[in-house]
Amino acid sequence: MSFYTKRSILFSGIIVFFLTSCDFGSPKPQKPAAIVKKDTVAAKAEIWQIPDTNTIPNDEFGAMIRYGRDLVLNTAYYIGPEGKVSKNLGNKMNCTNCHLEAGTKPYAFNYFSSHARYPQYRSREDKILTLADRVNNCIERPHSGKPLKLDSKEMVAIVSYMKWLSQDVPVNQHVEGDSPLKIELPERATDPVKGEAVYKRECMSCHGADGEGKMRADNVCYEYPPLWGMKSYQPGSSMHRVVKAAAFIYANMPNKLSSYDKPKLTIEEAFDVAAFMNDDRIHKRPFNNGAVNYPNIKTKPLDYGTGPFVDSFPDLQHKFGPWKPILEYREKNNLPVKF
Ligand code: HEC
Ligand code: HEC
């Protein structure tokens, strides 16, 4: 079955880090690592444990790893619109705003296994991309920026940090916790109106009355990053897809008050608020800067908001659901099923 299934098992001994958006905590003791297939049942698996930051070597390579981690945490400071080193980014978001805790939080778009899985085929470009190309993807959108030079110190540092993080992961393997949390798809269409009520109750206090977030006092990056508006991520960013955003929100938001094993929202609330956040009929976003989006419709994700698709369901249903009829139709007709 390709339906998303809810993980209901609580994990004991999971370490939850409490961090500020531009800071990173000290390492915690390691547990034995588990390498699992992507669809392994959560109950049998242990969350992947990353290496201890104390093991970053004290040599040139170690210095690059540290700089890379610093760039992920303080991206805007270094390469933002007023960056100290360069001005690559078009907005003041940091990588860690979405890749939480410098890309080390389970089910929070982490980099546990990233370095072990590239180069790989990417459907958005319909091409094989290296990890550095993939980093530039996120710089182009969500950050609305200009790609880093592949041989720049900053790119080498970010990739070095990712290599260090993935050092124990065998080539081409996924590890538990590295993918978005699998949550049950709703039977109905997601509902931006209900999502607005969830937003007002659970999100607005930090992300603002109009999703604009809150800039940190020093104006370098956000205390609470924007969820929509011209300073937030673009259409075509993965966060703009309702299923992906819902899985992230369910496992991680409200920030620091929820985790995949202690979510604060129900799955339905997460879907509805993701629909509200990503509803372009009511919220503005920066224009797509001309980047390619899924030229091969066979590998276009099912919840992408703009056709054409291999089926004739309307664009709005692809974006907001209900997705199950699309899935069933595709399975019956031997068409690709992919989120
Ligand atoms: C607005 C949110 C957001 C921001 C900001 C962001 N990303 Fe991403 N990034 C994503 C999402 C969503 C994905 C897709 C994750 C998935 O599908 O599992 C992703 C994927 C990636 C991947 C691929 C990971 C893998 O294992 O396949 C890399 C590498 C990456 N981002 C690097 C960066 C870097 C470096 C920055 C900062 C310069 C950054 N991202 C900023 C949301 C963001
Ligand atoms: C207690 C404050 C707080 C609350 C409440 C909160 N968030 Fe967040 N949110 C944050 C912070 C801080 C980050 C960035 C985390 C970091 O950089 O470490 C974030 C990041 C995000 C991101 C990724 C970055 C971006 O700007 O796109 C999304 C999406 C998001 N929150 C959605 C939500 C939704 C939806 C809710 C309500 C269900 C919510 N948040 C509630 C503080 C909060």
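Any value given below was found using the heavy atoms of this structure, including those in side chains, with hydrogens, waters and symmetry copies removed. Ligands are counted one by one from 1 in listed order, and the atoms in each one are counted from 1 as well.
Under a 4.0 Å heavy-atom criterion, Thr96 is in contact with ligand 2. Heavy atoms of Ser232 come nearer than 4.0 angstrom to ligand 2 in no pair at all. Remark: distances from the non-hydrogen atoms of Val135 to ligand 1 include one below 4.0 Å. Within the 4.0 Å heavy-atom cutoff, Ala245 does not count among the residues contacting ligand 2. Distances from ligand 2 to the non-hydrogen atoms of Glu101 include no value under 4.0 Å. Taking a 4.0 Å cut-off on heavy atoms, Phe248 registers as neighbouring ligand 2. Val72 does not count as a contact of ligand 1, since none of its heavy atoms falls under 4.0 Å from the ligand. Under a 4.0 angstrom heavy-atom cut-off, Met162 registers as being in contact with ligand 1. For Leu71, the closest heavy-atom approach to ligand 1 does not fall below 4.0 Å. Remark: distances from the non-hydrogen atoms of Glu269 to ligand 2 are all 4.0 Å or more. Ligand 1 lies within reach of Pro180, whose nearest heavy atom is under 4.0 Å from it.
With salt bridges taken as basic N to acidic carboxylate O contacts below 4.0 Å, none links Asp210 and Lys284. A salt bridge links Arg216 and Asp218; the closest N-O separation between the charged side-chain nitrogens and carboxylate oxygens is under 4.0 Å. A salt bridge is absent between Glu268 and Lys194: the closest approach of a Lys/Arg side-chain nitrogen to an acidic carboxylate oxygen does not fall below 4.0 angstrom.
When each of Val242, Ile326, Asp303 is tested with His318 by the rule side-chain contact (heavy atoms from CB on, under 4.5 Å), just one qualifies, namely Ile326. Under the side-chain hydrogen bond (donor to acceptor under 3.5 Å, both in side chains) test applied with Tyr233, the options Asn97, Asn278, Asn91 reduce to a single match, Asn278.
Between Pro180 and Tyr107 the shortest heavy-atom distance is C-CD2, 4.1 Å.
Using a 4.0 Å cut-off between heavy atoms, Lys256 makes no contact with ligand 2 at all. With a heavy-atom cut-off of 4.0 Å, Asn94 does not touch ligand 2 at all. The residue Asn97 has no part lying near ligand 1, judged by heavy-atom distances below 4.0 Å. Here Tyr111 has side-chain heavy atoms under 4.0 Å from ligand 1, and that is the only part of it that gets that close. Contacts of Leu89 with ligand 1, taken as heavy-atom pairs under 4.0 Å, are absent altogether. Contacts of Cys95 with ligand 1, taken as heavy-atom pairs under 4.0 Å, involve both backbone and side chain. In Ile249, the part holding a heavy atom less than 4.0 Å from any atom of ligand 2 is the side chain. Only side-chain heavy atoms of Leu265 come within less than 4.0 Å of ligand 2; its backbone N, CA, C and O stay farther off.
Note on His207: counted as a metal contact of atom 8 (Fe) of ligand 2, an N/O/S atom lying under 2.8 Å. Taking 2.8 Å as the threshold, Asn255 does not count as a candidate ligand of atom 8 (Fe) of ligand 2, since none of its N, O or S atoms lies below it.
Taking each of Tyr224, Phe276, Tyr233 in turn, the one with a heavy atom nearest to atom 27 (O) of ligand 2 proves to be Tyr233.
Between Trp323 and Phe313, a ring centre-to-centre spacing not shorter than 6.0 Å is recorded.
In terms of polar-atom proximity, defined here as any N/O pair under 3.5 Å, Tyr118 does make such a contact with ligand 1. Considering backbone and side-chain N/O atoms, Ser114 comes within less than 3.5 Å of an N/O atom of ligand 1. Of the polar atoms of His99, at least one N or O is found under 3.5 Å from an N or O of ligand 1, judged by distance alone. The shortest N or O to N or O distance between Arg117 and ligand 1 is below 3.5 Å.
Listed by number with element, the atoms of ligand 1 under 4.0 angstrom from any heavy atom of His143 are 5 (C), 37 (C), 38 (C), 41 (C).
Between His99 and Phe109, the angle of the ring planes goes over 60°, which puts this pair in the perpendicular group of the 30/60° scheme.
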